Each structure stands twice: as structure tokens, then as C-alpha cells.
Engineer: 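Would you mind keeping the following structure in view while I ask a few things?
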Amino acid sequence: MLKLEKRPSPSVMWSRATPVLAVALTMVAGGIMFAVLGKNPFEAIRTIFWDPLFGEFAFYLRGQLLVKAGPLILIAVGLSLGFRAGIWNIGAEGQYIMGAICGAALGLAVFPTENRLIFPAMVVAGALGGWAWAMIPAVLKTRFNTNEILVSLMLVYVAQTVLAMASTGFLRNPEGMGFPGSRNFSGYAAARNGFLWEGAGLHWGGVMALATVVAAYVLLQRHMLGFQIKLSGQAPRAARYAGVQPDRLVMLCMGVAGALAGMAGLFEVTGPAGQISIDFNSGYGFTAIIVAFLGRLNPVGILFAGLLMALTYIGGEMASTNLGLPSAAIQAFQGMLLFFLLACDLLTNFRIRLAKKGEAR
Amino acid sequence: MKRRHLLATAALGLSMAFGGAAMAQDKTKACFVYVGPIGDGGWTYQHHQGALDVQKAFGDKVEIAWQENVPEGADAERVLTQMALGGCNIIFTTSFGYMDATNAVAAKFPNVKFEHATGFKREHPNVSTYNARFYEGRAVQGTIAGRMTKSNKIGYIGSFPIPEVVMGINSYYLHAKKVNPNVELTVVWAFTWFDPAKEADAAKAMIEQGVDVIASHTDSTAPLAEAAKAGGKVIGFGQASDMSEYKPSPRVSSIIDNWGPYYVKRVGALMDGSYQQADAWEGIAGGEVLIGDITEAVPAEVKAEAEKLRDDIAAGTYHPFTGPIKKQDGSDWLAEGATAPDGDLLGMNFYVEGITGDIPK
Amino acid sequence: MFGGIDPALLIASLMVASVPILLAAVGELVVEKAGVLNLGVEGMMIMGAICGFITAVETGSPTLGFLGGAAGGAALSLLFAALTQVMQANQVASGLALTLFGLGLSSLLGQNYVGIKPPHTGAVPFGPLADIPFLGRVVFGHDPFVYLSIIAVAAVWAFLKFSRGGLILRAVGESHDAAHALGYKVVRIRMLAIMFGGAMAGLGGAYLSLVRVPQWVDGITAGAGWIALAIVVFASWKPWRALLGAWLFGGITVLQLNLQAAQVGIPVEYLSMSPYLITILVLVLMSSGRGKAALNAPACLGQNFHAAR
């Protein structure tokens, strides 16, 4: 019989080695799935993991990795603070949408004025939009003790309807011949979130994501607030004795997560997406929850988790077009990767021992 | 700008290399970008059938590739670029939301042809647009609906309030009214393209209000299944695909999106060198809109009337929007004998006279 | 009659509309009562939808189809159980991964089943009872699963409240260490609860693909699993309140479509967000009234258990 034995502290060696092990296991299991679907497994795996980084078109795709990972990281870092403190904001998708709408509305209101301050102001408006949307569950929780999981999730659907209203109504491009969708920001220099230098793949959203990772790392390691967050999650009662005000913490964590999600939405809508449209949101807010946990709620971990997620998206797309793999197979493959990553974490926290016969369980 | 230049140069070199290879193998690569999964049984499914028709028509001479589930936001541009880099000679982007991304990528790859469905922007010589005159099919459905209704209440399940849908509602209503002046139209907006359970609920709500003919602008068969439960009292139409499994009733006819002829024509033209930029908007005449078999549940004289309308539209002797037609607010739209200009139709954001209720803003 | 809407028809349709979310919510409620948070409801539902559909089409029997759906959901949940209970993986992330995997796998399985009509599931024959005015339509005009979903609520309620098994399950959810100390097999109980939740979600999914829609299309659940999760929270882990929540949510969804169809002059866009807003509002009213009573979550919810000895 195998027996698990909890390590006194997580193994550093295994915490670095498990992701590699998990990816290797996924390659084997995914390869089998691809073979069953009648595709060459080696080619498929190479297309997903190798080609985006070192293949023929890597010059383009490496940049795109940052584009895809940026919003995931930005949102996930924000969420991770709340998750650590035991505050369950699962409505980042709604905050992302509302941030994009608020920021875009500001930009569209002043169109076509050219001014250096427009873009920064839009970023602030985006952050405020996301923050305000997150404040609804936060205030309801602190005032009325309403569960934030339900409220934040329900507000995602409300935000989606507001988005539909915005793109068919109040933000619709007046020159769009009645079609849904706002003006495209790619034609509006003052409000465009372009690449910082040509071919970079890095836009302001990516910069912000990296800055947030650093800031969150410092906060959690060095700052009193970081300590309070960790303490509230691990021992709520002790946290109270230590002088943590739970309501303040809820407002703060929800607010930060909402503002970051709103900002991510704004960077996306003015950059890669280009415009407000009925479904410009690509589910980043939900995927970011996975990224946050995959990164073990640790800012640096989230950075890598976001990049890995982005890699499977982009590599998966390539496998799909080049090899004719159904996109459902890619989804299942991503699911497998997550399973293996989560399962292999076992080795970080536990030792596996061979139990002697007759030993009490 | 420099980035564009860089990419364009790289692309040029690549597409030349690929062009050379294509010459040697005498193979044209046609690529398709889908907004949903092929298994949606509706919009994307029908586009994919068209893609398969291309393969069938040219056999070894073409290679087809596709990508499912591409969100209409930030991801579209990347997927298009990957396809262009990957050697696609012609790329069909099959949803309205890809409009700006299609034009942006087309600028970087002047040697690749882009075909965008249902849009109006052709900013570069290598971008064409195509669409189908679904409102012609709605005219036929309206005629059947007006004749078949016993309660004089007919219904329409709308997805989002966009010109394409409003156009369909107007055409459906006008032709029902023409054969049955007492007819009243009920519109229910689902605010989704795809949510089978909600579509079923919408159909049910209308049936409970006494509606006995239902047309839908969402993709699933759920409204037909709901109609079937009413025990023969309610009829409906197949949408996007034939939905022949509900023959002979409640499905009494259907509008089938038939993209195959257009795809075969365009890829063929590219292969024999006669390809030119185009703005195609074909309907029943061009074979893109097929009227599915009108079943025996419809009396022979109604069937004959509907088929005559279909043939008149196909022959070009009748336009479904022929004046005099007033707008809902009573103002004039089309004078006696005038037909609607395409521009009016493409941006249609008003109901015609006689429809009650407002278009959501 | 108000606004031209017949209340009997409205109640009858809301009962049907809420069956999938109710089945899934009751299952998840048991899982969470055992202290496990499985966010993979959407994935298990859609696996149930496709497995049920395939079984029904291949065998021609809707009954076998529903069993197949339950089996499909349970099989997927077993994966979650293995990850969280054996491998000690994080529950939130495992649940989300389960949804991702379920959506992909169901689509792969369903490739050859698009555009097929499944065998028909009939209404329960109540004979003359169905002709009683009002009551006949509301109470006696449904397919078996409408009744089954209500029976499931009652059964879960009775199980949790009166049976020894229910007591143990709740004990495991409130304090796994204490339950373990008392000699209960925490992991085994949780695995059973997870599988029950999977089977119920699968049943809810099969109801969608076999009765509600009835057809197989990719992504058929369209977010119903998330709503089911929200209903459990709404119900503050009480079975009858889950029924209330599901009917409330389903009722407002149906009502807003009915109001549109009856051409009541409320702007459509506000109607279409009303189910979500009203659910929030009702929860606020319920949770503010009795202060702490609303905080009914099982104490060990979402925490993994590892027996040190």
C-alpha cells in the first residue's frame, strides 16, 4: 500500500519540478487522445508546445503570447489577493466588461480630440468601472451579509446584457451603418493601446500586468496588509484578534480585483480587440480564476501559469488549423493539463511512502 | 507603421515561398474562421458544409483548413495572421464581428485574399465581402405564416437587435400582412444567439399567448420541438439548416444557409486567375438562400403561392421590400413601386408600420 | 390573468424550466454539505447531456438515456473525486478544470449526433386528473422528471435531516477532523457525495438534451451549471430553499419572456437582466433579515482532508 505523509513544509525542489512532470504527463495522455482521433501525436504536441516558441512563425507568436497572457495575469493577480483572504469574487468577467465599457465610453465621448491625457484617463475610467461593479457585491456583503459568490456571478450576466445594449445602442458607431459595435480604437491615436515598439507584443496592459505581479509580490512578502490578507484566509479568528477589520478587507480585496479586471478590459478593448462589440469579452475573467489557482495564488506562480495557459491557447489554435484537430480536443487537452498540474502538486506537499503491511491507517 | 512593414516583408517572403510550393504542388489552400463549434447545427455548421463542398468540388487541387470557436474580439486578428502566415491563399471569415480584424490583417498580407461574411468594409483590394439575402426567405415564410395562422397571431424569436434580424422581422411581417390583413406579430428578444433552453421558453411563452406560427432567428431546433408539443396546432420553420427531422409538421418549410456555391465559385476563380474583389449579396437566385421543401401540412394552394413568390424573387421580378411601405412611426419609407436600396436594408434599425413594440436600444 | 398571461400556464412552464438547474443544484447541495466545493457542475451537466443523448438514441429508450446521463455525470465527477480526495488537489481549480474538460469531451463525443431527434419522453398519464381546471395544468400535466426533481428535494431534505447517514454527512462537512476521530471514513463519504452530485448534474443535463430542447448541440447547457451553483448559495444549503431558488430564477426567466410575448411595455433589455437582479435582491432581503443565520455554509467547505494518522 502507498501512504501519503504530509511534509512539514512544501518541498522547494518538487514545487519547481512538478510543472515539468505535469506537462510531460499531459503530453503522453494528450498524445494518446490525439492518436485516437487519428492525428500524429508527435506532430500535435510539437505544434502546441514548441512551434509557438521556436517554430517558423515564433517571431510573431512569441509576442502574441504576451498579448494573450497579459489580461489573464492582470486579473488573476487581483483575484488571488481576495482568494487568499477567503473572499470569493468569481465575477471578474463582469468587472472586466464594465471596465471596458466605462473606459471606452470616455474615449468615445471625446472623439476625435487628440490629447496625451486621453488614454491615461480612459485607463482610470476603466479601473473605476471595474471597481464600481465589484463594489456591489462588496457592499452587499459588508452591509447585508449577502454571499459574494452569488452576487458577483449574477452580475456577470447583467454586465453581458449591458454590453449588448452598449454595442447595439449607446456606444454604437454612428458611422457603422446601423451595425452593432462601437468605433474602432485602432483609428483613434489618442485612445489606442498599441504595441510599445514594433513587433513587441507588449502593450500597456502587459506592462501593467508585470508591474502588478511585482507589486503583489512585495505586498504579500513585505507589507502589513499582505500579512493581514494571508492571516484572514488561514485563521479568520486569529486575524480578528490581530486587529484585522474583515469589512475593510472585503472592500479592499474586491475593489483591487475589480479595478485590475476593469483595467484589463480597457487595455483589451483599446488594443487587441479594438472595439466594444456584443461579445468582445473572451471569457478572460473566468479563465483567470483557473490561472490564479494554477499559480498557487502566488504572483510569480500566476505569471508562469498565465504564460502556460496562453501557450496552450495559441499552440492549440495552430494544431487546430494545421492538423485539423477539433477545437473541442484542444479544450479537453487543456483540461488534462490542468488535471495533471493539480494532481502533481501532491508531491510538493506530501511524501509518498510505502506503508508496511498491518500498519494502522 | 514600422511593425506593419516588418510583418509585411516577412509575410511577402513567406507567401512567395509558399506560393512557389503551391505552384509546384498545384494546390490552393482555402481557410475558414468560425465563430462557433461545427457541432452547433446552425450557422457554423452550414459554413463548414460549404467548406466541405469546396473540397469535394476540387479534390486534390485544394487543401482546406479551419478554426472553430474563434471569439470575435482580440483573438480573431491573431488567428487570421497565423492562417496567412501558414500559407492560406484565401481566408473566409464567417461572422460579422471579424470585420475590423479581417481588414487589419488584409493590409499586412496583400497576396492573400480575404472574404468577410455579412460585413461592409472593404478597405483593401484583397478584401471582399459576401452575404445572403435571408430576408427573401423570410418573405416566403411570412406568406405561409399569414395563410396558415388561425389565431392571426404570428411570432418571431429575435436574437440581438441588429439590422440583419430587424430586416428579417420586417420582411416576415409585411408578407404575412399582405395575405392576411388581420395578422399581428409578436417579437420576443432572447438576447443570445444560442441558448436552446431559453429559445424553447421563448417559443412556449408565445404559444401560451396564442401564437400559432413561429419563426426564429436563433440557431437551435428548440422552438420547433416546443411547437411539436402543442399537438399539431403550432407550426414553425427550420432556420439555418433544414431541420428536416421535424417534418412534415411543425416544420413546414425552412431557410437553409447554403454557402457552398459561393465558396466553390470564389476558390475556383482564384485557381483559374479570374478572381476579383467583390461585394456579393446573393439570395434565392444565387442559390445561397434555399427554401426547404414545403411539406404536405401546408394546403396545396398556399404552397403554390409561396413557391410562386420564391420563383418571382429568384427571377428578379419581385423585391420583398417594394413600396408603398411606411415606417412604424407613420413616416414614409418607400414610395409606391420603389424598391429598398441595399444601403437602407443593411443598416435597417426601424420596424415597418403595423408592428407593435420597440426595438431594444 | 394579469397582462394577458395565464398564471396556470406560467406556473406550469416555470416548473419545467427549472428542472435542470434544480436537479443539479440539489446534487451540488449534498456535495457541499459534505464539505466539498465542486465548481465543475457545468461540465458534469453537459457530459450528462451527451451521454444521455447517445444512450437514448442508440437504445431508443429515454429511460435508459436518463440512466446513461446520470452515469456520465457521475463518471466525470469521479475524476474530480480522485483529484481532490486522493491527490489532495485544490477543489476550486479542479472543479473549473473539470468544466473545461467536460465541455471539450462532450463535444468530441457528440460529433456524430448533431441534428438527430431523440426518442420522445411522454407526460405521466394522470387520466382525468389532468383535466381539472388550473390544478390539472399545474400539477398533473408534466413529464416524470418534474415530479422526480421535487421528490429529489424532499428525499435530500429528509436524508440530511432525519437519517443517520445524513447526520454523518453533515458532520463530515462541518468538521472532518472530528468525524475522522469518531471513526467515519471521511474520504469515502465525500467520494460518494461527489458521485451523487455528478449523477444529479448528469440527470439535469440529460433532461436538457432529451426533453427541454430536445437535441444535441455543442454547449447545450449554456451556463445552466453556473446558475445551479448560485442556487445552492442562494438556498444557504437548505433543500427546500433550493427549490424556491430554482423556481424563482426559472420563474422570472419564463415571466420575462412571457411579458415580452404579451407585449407589456417594459423595455426588453431590462426584462432580460431581471432574473439575475431579482435573485440578488431576494438574497439580500433574506440574508439581511436574520443576520448571521444566513451564514450557513458548512464549516469545512472547500478544505481538503488528510488523515494524519
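For the numbers below, each heavy atom of this structure counts, side chains included, while hydrogens, waters and symmetry mates do not. Throughout, a chain's letter reflects where its sequence line sits, starting with A, and its residues are numbered from 1. Predicted model only: the values in this text are computed from it and were never measured.
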Engineer: Using the test ring-ring contact (aromatic ring centres under 6.0 Å, His included), find all partners of A:Phe42 that sit at least two apart in sequence or belong to another chain.
Structural biologist: none
Engineer: Taking the basic N atoms (NZ, or NE/NH1/NH2) and the acidic carboxylate oxygens, is any pair closer than 4.0 Å for B:Lys108 and B:Glu77?
Structural biologist: yes
Engineer: Between A:Gln160 and chain B, with a heavy-atom cut-off of 4.5 Å, which part of the residue counts as in contact: side chain, backbone, both or neither?
Structural biologist: neither
Engineer: Quick one: what part of B:Phe96 sits under 4.5 Å from any heavy atom of chain A, side chain, backbone, both or neither?
Structural biologist: side chain
Engineer: Are there residues of residues 316-332 of chain A that reach to under 4.5 Å of chain B by heavy atoms, and which ones?
Structural biologist: A:Glu317, A:Met318, A:Ser320, A:Thr321, A:Pro326, A:Ser327
Engineer: Just by distance, no angles: are the side chains of B:Tyr156 and B:Ser216 close enough, under 3.5 Å, to form a donor-acceptor pair?
Structural biologist: no
Engineer: Taking ring-ring contact (aromatic ring centres under 6.0 Å, His included) as the test, write out the residues that go with B:His116, two or more places apart.
Structural biologist: none
Engineer: Are B:Arg133 and B:Asp342 ion-paired here, with the side-chain N under 4.0 Å from a carboxylate O?
Structural biologist: yes
Engineer: Chain A: which of B:Ile359, B:Asp75, B:Asn349 shares the most heavy-atom pairs with it under 4.5 Å?
Structural biologist: B:Asp75
Engineer: Please say whether the positively charged group of A:Lys68, taken as NZ for Lys or CZ for Arg, lies over the ring of A:Tyr313, i.e. under 6.0 angstrom from the six-membered ring centre and within 45 degrees of the axis.
Structural biologist: yes
Engineer: Could you note down all residue pairs passing salt bridge (charged side-chain N to carboxylate O under 4.0 Å, His left out) where residues 44-54 of chain A supplies at least one of them, sequence neighbours left out?
Structural biologist: A:Arg46-A:Asp51
Engineer: Sort B:Pro161 into side chain, backbone, both or neither according to what part of it lies under 4.5 angstrom from a heavy atom of chain A.
Structural biologist: both
Engineer: Tell me if a side-chain donor or acceptor on A:Asn193 pairs with a main-chain N or O of A:Trp204 at a distance below 3.5 Å.
Structural biologist: yes
Engineer: Report which part of B:Thr118 has an atom under 4.5 Å of a heavy atom belonging to chain A: side chain, backbone, both, or neither.
Structural biologist: backbone
